[in-house]
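Each residue takes its place number in the sequence, starting with 1.
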Amino acid sequence: QVQLVESGGGLVQAGGSLRLSCAASGRTFSSYAGGWFRQAPGKEREFVAGNNWSGGNTYYADSVKGRFTISRDNAKNTLYLQMNSLKPEDTAVYYCAAHPTQNYRVRLTTTREYADWGQGTQVTVSS
């Protein structure tokens, strides 16, 4: 099991940027695929972005493709989500998640596929 703690959320105007971080501890983070999800009030938690253990394989939800970038620094045991050109509809609690796999071609886009979760960080985009 790996413990995950998100940070970097906040209030930003539409068109602005934020960078979320997810610090991992407890296990070797380079053995885990990572992902970001979000949940808006009254809605289900939805996939945003994911990457494999090395960060060499990344994939995104269509709604954020071209605006968000997922990355990781395994030396720092940290997963990142750079969010640019933010829109009010991006407002949500953002969660990072991890699953132990070293499958390079992994593609995990549902909540049930991830073993470990952070507590979430609020992102609010004003119009």
Side-chain angles (χ1 to χ4, degrees):
Q1 185 178 5
V2 64
Q3 290 75 47
L4 304 171
V5 179
E6 302 95 337
S7 62
L11 173 65
V12 63
Q13 289 188 332
S17 299
L18 281 175
R19 187 195 197 198
L20 305 184
S21 298
C22 174
S25 62
R27 291 292 178 93
T28 304
F29 191 54
S30 59
S31 298
Y32 286 74
W36 288 96
F37 287 72
R38 66 187 181 186
Q39 188 166 18
K43 295 187 177 181
E44 293 188 352
R45 194 171 297 188
E46 64 174 4
F47 171 76
V48 174
N51 65 11
N52 69 341
W53 64 271
S54 72
N57 173 25
T58 61
Y59 42 99
Y60 300 89
D62 287 343
S63 59
V64 306
K65 202 171 293 183
R67 300 189 297 123
F68 291 11
T69 302
I70 186 172
S71 62
R72 65 195 295 157
D73 185 339
N74 285 337
K76 296 182 179 180
N77 289 333
T78 304
L79 185 71
Y80 301 101
L81 184 68
Q82 178 67 44
M83 305 186 294
N84 298 330
S85 302
L86 283 161
K87 305 175 182 181
E89 51 263 44
D90 294 318
T91 295
V93 177
Y94 282 71
Y95 298 88
C96 70
H99 186 79
T101 177
Q102 291 195 293
N103 179 357
Y104 188 89
R105 298 178 183 275
V106 67
R107 187 177 178 89
L108 308 175
T109 60
T110 64
T111 57
R112 68 187 64 174
E113 293 177 293
Y114 286 87
D116 301 305
W117 292 84
Q119 294 301 305
T121 185
Q122 176 70 46
V123 172
T124 303
V125 184
S126 63
S127 57

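Note on ring orientation: taking the six-membered ring where Trp is involved, the planes of Tyr59 and Phe47 are parallel (angle under 30°, cut-offs 30° and 60°).
In this structure, Asn57 contributes its side chain and Asn52 its backbone to no donor-acceptor pair below 3.5 Å. The backbone N or O of Asn77 lies less than 3.5 Å from no partner atom in the side chain of Asn74, so there is not a single donor-acceptor pair.
Here CG of Leu81 is found 12.0 Å from CZ of Phe37. Values are rounded to the nearest 0.5 Å. If you take CD on Glu113 and CZ on Arg107, they are separated by 10.5 Å, rounding to the nearest 0.5 Å.
Looking at Phe68 and Leu86, their side chains come closer than 4.5 Å, going by heavy atoms from C-beta outward. Within the 4.5 Å cutoff, the side chain of Leu79 has heavy atoms near those of the Trp36 side chain. Two residues are said to be in side-chain contact when any heavy atoms from C-beta on lie closer than 4.5 Å; Trp53 and Asn103 fail this criterion.
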Notebook entry, point to check: Should Val123 and Met83 be marked as a side-chain contact (heavy atoms from CB on, under 4.5 Å) after you check the CA-CA gap, both sets of side-chain angles, and the distance that decides it?
Noted result: CA-CA 10 Å; Val123 172; Met83 305 186 294; 3.9 Å; yes

Notebook entry, point to check: Under the side-chain contact (heavy atoms from CB on, under 4.5 Å) criterion, do Tyr95 and Leu4 qualify, and how do the steps go?
Noted result: CA-CA 9 Å; Tyr95 298 88; Leu4 304 171; over 6 Å; no

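The nearest pair of heavy atoms linking Ile70 to Gly34 is CD1-O, 4.2 Å. Nearest approach of Gly120 to Val93, heavy atoms of both residues: CA-CG1, 3.8 Å. In terms of heavy-atom proximity, Tyr60 sits nearest to Thr69 at OH-CA, 3.4 Å.
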Could you tabulate the donor-acceptor pairs under 3.5 Å formed by side-chain atoms of residues 7-31, not counting sequence neighbours?
from: Ser17; atom 1: OG; to: Asn84; atom 2: OD1; distance (Å): 2.9

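Just one of Glu46, Glu89, Glu6 meets the salt bridge (Lys or Arg N to Asp or Glu O under 4.0 Å) condition when paired with Arg38; it is Glu46.
The neighbour count for Lys65 NZ, taken as heavy atoms of other residues, nucleotides or ligands under 6.0 Å away, is above 12.
Remark: Arg72 pairs with no residue by the salt bridge (charged side-chain N to carboxylate O under 4.0 Å, His left out) rule, at least two apart or across chains.
Legend: side-chain hydrogen bond (donor to acceptor under 3.5 Å, both in side chains) pairs involving residues 114-123, not counting sequence neighbours, sorted by first then second residue: Gln122-Thr124.
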